[in-house]
Amino acid sequence: MACQQSRYHSFSSASRLQPQPSGVTIDESFITENKSTQKRKLLQKRRTLTGQFSMGGHLSPWPTYTSGQTILQNRKPCSDDYRKRVGSCQQHPFRTAKPRYLEELENYLRKELLLLDLGTDSTQELRLQPYREIFEFFIEDFKTYKPLLSSIKNAYEGMLAHQREKIRALEPLKAKLVTVNEDCNERILAMRAEEKHEISLLKKEKMNLLKLIDKKNEEKISLQSEVAKLRKNLAEEYLHYLSERDARKILIADLNELRYQREDMSLAQSPGIWGEDPVKLTLALKMTRQDLTRTQMELNTMKANFGDVVPRRDFEMQEKTNKDLQEQLDTLRASYEEVRKEHEILMQLHMSMLKERDQFFSELQEIQRTSTPRPDWTKCEDVVAGGPERWQMLAEGKNSDQLVDVLLEEIGSGLLREKEFFPGLGYGEAIPAFLRFDGLVENKKPSKKDVVDLLKDAWKERLAEEQKETFPDFFFNFLERRFGPSDAMAWAYTIFENIKIFHSNELMSQFYAVLMGKRSENVYVTQKETVAQLLKEMTNADSQNEGLLTMEQFNTVLKSTFPLKTEEQIQELMEAGGWHPSSSNADLLNYRSLFMEDEEGQSEPFVQKLWEQYMDEKDEYLLQLKQELGIELHEEVTLPKLRGALMTIDPSLDKQTVNTYMSQAFQLPESELPEDGDEKEGGVVEILQTALERLQVIDIRRAGPREPEPAN
């Protein structure tokens, strides 16, 4: 009967807690119902359960040695574990049974939880309700502990209510945060659109101004040609009027002469003239003689005063002839200067060609003496990993010397992969600081791509920080930060052995040279800055921002960025960029592809050609310095003499740059270098070969042409 009442009570509770239909939200008033109603229902349930669960009106004792059977096992009545436990209890009927009150409470709780689990919309608040009811039963039954249990329940209920209020208070803030986020995103998009519009307007204005400048230049050229034409016409008109004036004077003189002749003829033919008075004729003769004497005196005066004067027409003709001859003389002088400079350049080229001829001749003799048959490189196809296809890819476009390097790299990389440990080099002074270790060091065996990525990260971190420590110390500290102090030495040996083998890899070879002090890190930094500046200039020339340039624009950008390069060097760069003699200036070039790198850090042929030209220019610069000094490599050179030779071959060098070169060549701080006026012959000296080797380490390059161009 008690079991039937318990099932009935569970069924009534299940009907009350039956889940709502899908899509219907449980009313909050149902969860937080009136306290008086809850208390009344709980009292009614307690009376019912007390009568059912208690044995004779008292709580049943339960032995402590049966504590292994917990009250709540968090198992559903319908689960397999629950059936197993019930079966096990039936199989062992002689065990001490739980109190009936406890079993009924457990069954009631399981049924209530099962009903809540069957609902799809049950909330956490509803899942707490069965536990509240069980706790209320305990509070009512255990009178002695009722105050303590009630205070515990009230404390938890208060905390739950506080948390619910806090959640309700934060809901509007969450909505406000979403609104503010959307507003900020809209404002950012609007600002970007406005900036994009302004940029497009500025580009259009730039194009219009460029067109206006071109138009003005064309107008200027047309006006200059028109002015030259008008000057020419004016000179022709001037000569024409001079000729007309002279002809007019001659014509007037001829007319006067004809008039005098006609008068003389009329006097000679007049018959009545001989019949005039002799006295009158004598007087006329006397007056005529006086006029003749006066005229003769005036004529003598004119001859005396203007005997050395030439006619204006002759003077102007002679002046014009003299001007033409002077222009021809100036032209011939300019041509002579050009020919003289070309002759000097040709003489220098001739001398250099003679030296190269002698050098090549000696090398030819040495090669002929020690030459061996040309190796058959196809034999390497079966030895190199990857077979013939990989060997053909590695050997493409390489000479015998480069193929030897490739073969050595393949052999070295194979041996390196077989090594498990590296022997430590010890703690000697000649050992680099990052390799000072005694014992065996583990070989980490990274791939070539992993080594390249690690070197790139090291360069990025080096360029981002202040260079207060030496490069080897920075490299070891970088490995400690990346892999920890325990693995830093192993990675240092591993990276060192890899970059020492792969000479053909541009990034590895440069990093090895900087790490070993054979090259200053400023060389790498300056080269990267030069490449970045060239890319920026090409981007500025690309008005349409399509990544394309014509060959004419490409040539113009190269000449403006590298004004000291010769036409031959510019031609080499254009050919490395993809230009061919058969190409036209209108062909388009994807200039961005010239600056790409593969996964192993290898640059495109264009950037490699830039690096090769830089190294050739440095070698040529130091060779000119040695030739200007005029001494042998084993002889000593003083600081004033080296400074003077530098200023001679490169007059555009500023004082700071010269001091930097002197400080590197003589290993002196710039503050201890003597001033130009304080330098004395025989002061600071150094072997020339040592000084040139030190200058080879740093970034030394020409600042301007050797001879400054004369001012116009």
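Nothing here was measured: the structure is a model prediction, and the numbers come from that model.
A pairwise comparison of heavy atoms in Leu642 and Phe666 identifies CD2-CE1, 3.6 Å as the closest pair. When all heavy atoms of Glu604 and Leu594 are compared, the pair lying nearest together is CB-O, 3.3 Å. In terms of heavy atoms, Ser603 sits closest to Gln608 at O-NE2, 2.9 Å. Taking all atoms of both residues into account, the shortest heavy-atom contact from Phe562 to Leu610 is CZ-CD2, 3.8 Å. The two atoms that bring Asn659 and Leu673 nearest to each other are O-CD1, 3.4 Å, heavy atoms only. A pairwise comparison of heavy atoms in Ile687 and His634 identifies CD1-O, 3.9 Å as the closest pair.
With hydrogens and angles ignored, the 3.5 Å screen pairs no side-chain donor or acceptor of Asn555 with any backbone N or O of Met551. Using modelled atom types, one side-chain atom of Asp650 and one backbone atom of Gly704 make a donor-acceptor pair closer than 3.5 Å. Of the possible donor and acceptor atoms, one in the side chain of Ser663 sits under 3.5 Å from a partner among the backbone N and O of Leu668. A side-chain donor-acceptor contact under 3.5 Å links Ser560 to the backbone of Val557. Although no hydrogens or angles enter the test, the distance criterion places no donor-acceptor pair under 3.5 Å between the side chain of Asn322 and the main chain of Gln318. No donor-acceptor pair under 3.5 Å is formed between the side chain of Asp542 and the backbone N or O of Met538. Between the side chain of Gln553 and the main chain of Thr550, a donor-acceptor pair closer than 3.5 Å is present. At distances below 3.5 Å, not a single donor-acceptor pair connects side-chain atoms of Thr657 with backbone N or O atoms of Leu653.
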Please evaluate residues Leu573 and Gln569 with respect to the criterion side-chain contact (heavy atoms from CB on, under 4.5 Å), reporting the C-alpha separation (whole Å), side-chain torsions for both, the decisive distance (0.1 Å), and the verdict. CA-CA 6 Å; Leu573 290 176; Gln569 291 176 321; 5.8 Å; no
Would you check, one step at a time, whether the test side-chain hydrogen bond (donor to acceptor under 3.5 Å, both in side chains) holds for Tyr614 with Asp699? CA-CA 10 Å; Tyr614 167 74; Asp699 179 29; 2.6 Å; yes
Given Leu646 and Met662, is the side-chain contact (heavy atoms from CB on, under 4.5 Å) satisfied, shown in steps? CA-CA 10 Å; Leu646 271 174; Met662 295 298 101; 3.2 Å; yes
Go through it in stages, so that I can follow the logic: the residues are Arg592 and Asn590, the test is side-chain contact (heavy atoms from CB on, under 4.5 Å), and I'd like the CA-CA distance, side-chain angles, deciding distance and then a yes or no. CA-CA 6 Å; Arg592 293 176 182 170; Asn590 183 7; 3.9 Å; yes
Test side-chain hydrogen bond (donor to acceptor under 3.5 Å, both in side chains) on Glu316 and Tyr238 and set out the steps. CA-CA 11 Å; Glu316 291 176 352; Tyr238 180 70; 3.2 Å; yes
Check the pair Trp611 / Phe606 against ring pair (Phe, Tyr, Trp, His ring centres under 6.0 Å), numbers first and verdict last. CA-CA 9 Å; Trp611 174 255; Phe606 177 76; over 10 Å; no
Go through the steps to decide whether Tyr621 and Leu695 satisfy the test side-chain contact (heavy atoms from CB on, under 4.5 Å), and finish with yes or no. CA-CA 11 Å; Tyr621 190 75; Leu695 291 176; over 6 Å; no
After noting the C-alpha distance and the side-chain angles of Thr288 and Asp291, does the key distance pass the side-chain hydrogen bond (donor to acceptor under 3.5 Å, both in side chains) rule? CA-CA 5 Å; Thr288 303; Asp291 293 337; 5.5 Å; no
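The stretch residues 207-223 participates, sequence neighbours left out, in no side-chain hydrogen bond (donor to acceptor under 3.5 Å, both in side chains) pair at all.
When the shell of 6.0 Å around CE of Met596 is examined, it contains 12 or fewer heavy atoms from other residues, nucleotides or ligands. For CZ of Arg312, the number of neighbouring non-hydrogen atoms (other residues, nucleotides, ligands) closer than 6.0 Å is 12 at most. Within 6.0 Å of the CD atom in Glu226, the count of heavy atoms belonging to other residues, nucleotides or ligands does not exceed 12. Enclosure of atom CZ in Arg231 is not indicated, since only 12 or fewer non-hydrogen atoms of other residues, nucleotides or ligands lie within 6.0 angstrom. No more than 12 heavy atoms of other residues, nucleotides or ligands lie within 6.0 Å of CE in Met353, so this atom counts as exposed by the packing criterion.
The shortest distance between side-chain heavy atoms of Gln261 and Leu258 falls below 4.5 Å. At a threshold of 4.5 Å between non-hydrogen side-chain atoms, the residues Arg245 and Arg313 do not count as touching. Two residues are said to be in side-chain contact when any heavy atoms from C-beta on lie closer than 4.5 Å; Ile631 and Lys641 meet this criterion. Two residues are said to be in side-chain contact when any heavy atoms from C-beta on lie closer than 4.5 Å; Arg643 and Tyr661 fail this criterion. Taking the side chain as every heavy atom from C-beta outward, Asp330 and Glu327 never approach each other to under 4.5 Å. Looking only at side-chain heavy atoms (C-beta outward), Leu688 and Glu632 stay at 4.5 Å or farther from each other. A 4.5 Å side-chain heavy-atom check between Ile252 and Arg248 finds at least one atom pair inside the cut-off. Using a 4.5 Å heavy-atom cutoff, the side chains of Leu549 and Leu588 are not in contact.
Between Arg702 and Glu620 there is no salt bridge, since no side-chain N of the basic residue sits under 4.0 Å from a carboxylate O of the acidic one. Using a 4.0 Å cut-off between a side-chain N of Lys or Arg and a carboxylate O of Asp or Glu, Arg340 and Glu344 qualify as a salt bridge. Under the 4.0 Å criterion applied to side-chain N and carboxylate O atoms, Lys609 and Glu506 are not assigned as salt-bridge partners. We find that Glu195 and Arg192 are not joined by a salt bridge, their nearest charged nitrogen and carboxylate oxygen being 4.0 Å or further apart.
When ring centroids are compared, Phe471 and Phe511 come within the 6.0 Å threshold.
Applying the side chain to side chain donor-acceptor pair (under 3.5 Å) test between Gln359 and each of Arg357, Glu363, Glu356 identifies Glu363 as the sole match. Screening Lys206, Met207, Glu205 for a side-chain contact (heavy atoms from CB on, under 4.5 Å) with Leu209, the sole residue that qualifies is Glu205. The side chain to side chain donor-acceptor pair (under 3.5 Å) with Arg694 is formed by just one residue from the set Glu686, Gln689, Gln664; it is Glu686.
With values rounded to the nearest 0.5 angstrom, Lys626 atom NZ is found 8.5 Å from Leu692 atom CG. Here CD of Gln624 is found 8.5 Å from CD of Gln348. Values are rounded to the nearest 0.5 Å. With rounding to the nearest 0.5 angstrom, the CG atom of Leu535 is 7.0 Å from the OH atom of Tyr591. From Met574, atom CE reaches atom CG of Leu558 across 7.0 Å, with rounding to the nearest 0.5 Å. Expressed to the nearest 0.5 Å, how far CE of Met317 lies from CG of Leu239 amounts to 9.5 Å. Note that NE2 of His343 is 11.5 Å distant from CD1 of Ile345, once rounded to the nearest 0.5 Å.
In summary, the side chains of Gln696 and Lys618 do not present any donor paired with an acceptor at a separation below 3.5 Å, with no hydrogens or angles considered. In summary, the side chains of Gln533 and Glu537 do present a donor paired with an acceptor at a separation below 3.5 Å, with no hydrogens or angles considered.
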